[in-house]
Amino acid sequence: MHRRYPALAGKSASLADMRDGQFVLWSRKTASGRFLAGLGCRLPEHLERLATAAGWIHISFEKAGDIDLDAVLWPNGKREDVEAVPTYRRLRLFRENRSIWLDDNERVLSAALWFQSPLSIRFAAEPVARRLAQVLSPT
C-alpha cells in the first residue's frame with residue numbers, strides 16, 4: 001500500500017469522532033490507529049501521550065488546534081455537528097477540506113474500520129488509502 005500511495009507516508013492522520021462535547025481521536029493503541037499507521041500515516045507524539053489506556057484521546061473544543069492534522073477520517077459522519085463548532089472552522093483541516101466524512105451510504109466501510117478483522121482490513125485498505133491520498137495530494 002505504501003508504494004501505491006506515497007502521499008500517505010509520514011502524514012499526520014487519525015480517526016475521530018465528536019462525543020460528549022469534545023473531539024475523540026484514535027491512538028496507535030487502537031486497532032484503527034494501527035491500521036492508519038500501516039498505511040504510512042502517523043499521529044504526533046504529543047497526542048499519543050494524551051491517550052487513555054484504551055487508546056482514546058479526548059480533545060476539548062477549546063483545544064481544537066490539536067486535531068489540525070494533515071487528514072482526519074470521521075467514520076461516524078456527524079459533519080454538520082462538527083462543522084458547527086467554531087474552533088473547528090478555524091482549522092487548516094477545515095479550510096483545506098482535509099476531513100473525510102463517512103456518511104450513512106458508507107456504513108459498511110465504517111463497520112470495517114471498527115471491526116478490524118483480516119477480511120475487514122482487506123476490504124477497507126484500498127478505499128481508505130485512496131480517500132486519504134485524495135485529500136493529501138489534491139490535483
Side-chain angles (χ1 to χ4, degrees):
M1 203 57 64
H2 289 254
R3 280 182 250 138
R4 244 176 123 178
Y5 295 101
L8 305 185
K11 297 294 184 176
S12 62
S14 181
L15 280 82
D17 196 8
M18 191 168 86
R19 301 179 190 159
D20 301 322
Q22 59 188 339
F23 298 115
V24 180
L25 303 179
W26 281 245
S27 78
R28 285 189 306 254
K29 294 178 183 179
T30 67
S32 298
R34 289 188 302 275
F35 171 80
L36 286 179
L39 294 177
C41 297
R42 62 173 180 74
L43 191 64
E45 283 304 315
H46 75 278
L47 290 175
E48 285 290 347
R49 286 192 297 272
L50 299 175
T52 66
W56 305 113
I57 303 165
H58 301 273
I59 306 291
S60 69
F61 291 159
E62 295 80 21
K63 293 188 176 197
D66 285 347
I67 71 162
D68 206 4
L69 305 174
D70 293 320
V72 173
L73 181 68
W74 303 84
N76 292 330
K78 300 183 186 176
R79 184 175 190 160
E80 289 180 12
D81 295 336
V82 172
E83 289 184 346
V85 176
T87 52
Y88 173 83
R89 289 194 312 269
R90 290 188 210 119
L91 303 178
R92 177 182 59 95
L93 183 68
F94 173 75
R95 290 189 317 270
E96 296 178 7
N97 200 26
R98 291 180 180 240
S99 281
I100 299 167
W101 307 95
L102 299 182
D103 59 22
D104 288 343
N105 296 326
E106 297 172 295
R107 285 184 191 202
V108 174
L109 185 54
S110 283
L113 289 169
W114 282 103
F115 194 60
Q116 294 290 308
S117 72
L119 289 175
S120 67
I121 290 169
R122 191 172 336 145
F123 175 82
E126 178 64 29
V128 169
R130 185 176 54 248
R131 303 253 326 249
L132 283 167
Q134 287 170 345
V135 301
L136 292 172
S137 58
T139 54

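Grouped by direct or indirect side-chain proximity (heavy atoms under 4.5 Å, Ile/Leu/Val/Met/Phe/Trp/Tyr only), Leu119 sits alone.
Identified under the salt bridge (Lys or Arg N to Asp or Glu O under 4.0 Å) test for residues 55-68, with sequence neighbours left out: none. Among residues at least two apart or in separate chains, side chain to side chain donor-acceptor pair (under 3.5 Å) pairs with a member in residues 28-46 are Arg28-Glu45.
Listed by chain and number, the residues in a side chain to side chain contact (heavy atoms under 4.5 Å, CB included) with Pro118 amount to none (sequence neighbours excluded). Every side chain to side chain contact (heavy atoms under 4.5 Å, CB included) that Ile121 has, sequence neighbours left out, goes to Phe35, Gln116. For Glu48, there are no side-chain hydrogen bond (donor to acceptor under 3.5 Å, both in side chains) partners two or more places apart in sequence or in a different chain. Arg90 is linked by a side-chain hydrogen bond (donor to acceptor under 3.5 Å, both in side chains) to nothing, counting only residues two or more places apart in sequence or in another chain. Judged as a side chain to side chain contact (heavy atoms under 4.5 Å, CB included), and not counting sequence neighbours, the contacts of Asp17 are Arg19, Trp26, Asn76, Lys78. For Thr52, there are no side-chain hydrogen bond (donor to acceptor under 3.5 Å, both in side chains) partners at least two apart in sequence or on another chain. With sequence neighbours excluded, the residues satisfying side chain to side chain contact (heavy atoms under 4.5 Å, CB included) with Tyr88 are Phe23, Ile67, Trp74, Val82, Glu83, Val85, Leu91, Leu93, Phe94, Ser99, Trp101. Among residues two or more places apart in sequence or in another chain, the side-chain hydrogen bond (donor to acceptor under 3.5 Å, both in side chains) test is passed with Arg130 by none. Under the salt bridge (charged side-chain N to carboxylate O under 4.0 Å, His left out) criterion, Asp70 pairs with Arg92, sequence neighbours left out.
Other residues, nucleotides and ligands contribute more than 12 heavy atoms inside 6.0 Å of the CZ atom of Arg89.
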